[in-house]
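For this chain, numbers begin at 1 and follow the sequence in order.
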Amino acid sequence: MSKVEEIEMAIRTLSSAERGQLLEDLPSLLPELAGDASWQRIIRDTRPRPAFSALLDEVDVETKRNPDAFPAVREGDFNQRP
């Protein structure tokens, strides 16, 4: 059995609370899951996304037509937990 398989099996045995803690800890254990590496991969992805582009076009039109429909985003908004 490989190390990866052992880790997967161990994760499956965790309680819900322990899995939640693991989710919080994963970015520090695997920095590639969070931050610049992920964003760089997204930015460099050149595949067309017609549905996403159409959605962004709609939002752009609505923002110009009714700017108050979209509240300003502040840095602190990203630190809030649901």
Side-chain angles (χ1 to χ4, degrees):
M1 178 179 292
S2 74
K3 292 286 183 192
V4 171
E5 290 170 326
E6 289 178 37
I7 293 168
E8 288 173 349
M9 283 181 52
I11 290 171
R12 286 186 185 96
T13 67
L14 296 175
S15 69
S16 178
E18 290 171 320
R19 286 193 309 272
Q21 183 63 50
L22 179 61
L23 280 173
E24 289 181 25
D25 294 343
L26 275 176
S28 64
L29 296 170
L30 301 167
E32 61 272 17
L33 290 180
D36 294 338
S38 296
W39 282 112
Q40 287 304 316
R41 190 172 51 255
I42 291 167
I43 290 167
R44 287 190 306 265
D45 188 343
T46 59
R47 291 177 291 176
R49 303 276 196 273
F52 185 59
S53 295
L55 175 64
L56 292 177
D57 290 342
E58 289 176 29
V59 170
D60 190 40
V61 167
E62 182 62 23
T63 302
K64 289 176 182 170
R65 191 171 58 115
N66 184 10
D68 295 330
F70 300 92
V73 177
R74 295 176 299 279
E75 185 173 342
D77 295 339
F78 295 100
N79 297 326
Q80 296 177 359
R81 296 208 178 233

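Considering every non-hydrogen atom in both P71 and A69, the closest pair reads CD-O, 3.7 Å.
A salt bridge is defined here as a Lys NZ or Arg NE, NH1 or NH2 lying under 4.0 Å from an Asp or Glu carboxylate O, and R41 with D45 fails to meet this definition.
Taken together through direct or relayed side-chain contacts under 4.5 Å among Ile, Leu, Val, Met, Phe, Trp and Tyr, L56 and I43 form parts of separate hydrophobic clusters. In the hydrophobic cluster analysis, where Ile, Leu, Val, Met, Phe, Trp and Tyr join through side-chain heavy atoms closer than 4.5 angstrom, L22 is grouped together with L30. Side-chain heavy atoms closer than 4.5 Å link hydrophobic residues (I, L, V, M, F, W, Y) into clusters, and following such links, possibly through other members, connects L14 to I7.
For the pair D77 (side chain) and R74 (backbone), a donor-acceptor distance under 3.5 Å is present. Using a distance-only test at 3.5 Å, with no hydrogens or angles considered, a donor-acceptor pair links the side chain of E5 to the main chain of S2. Put simply, the side chain of E62 never gets that close to the backbone of V59: no donor and acceptor are under 3.5 Å apart.
Between the OG1 atom of T13 and the CZ atom of R19 there is a distance of 9.5 Å, given to the nearest 0.5 Å. Atom CG of L23 sits about 12.5 Å away from atom CD of E18, to the nearest 0.5 Å.
Residue F70 qualifies as enclosed at atom CZ: its count of foreign heavy atoms under 6.0 Å is above 12.
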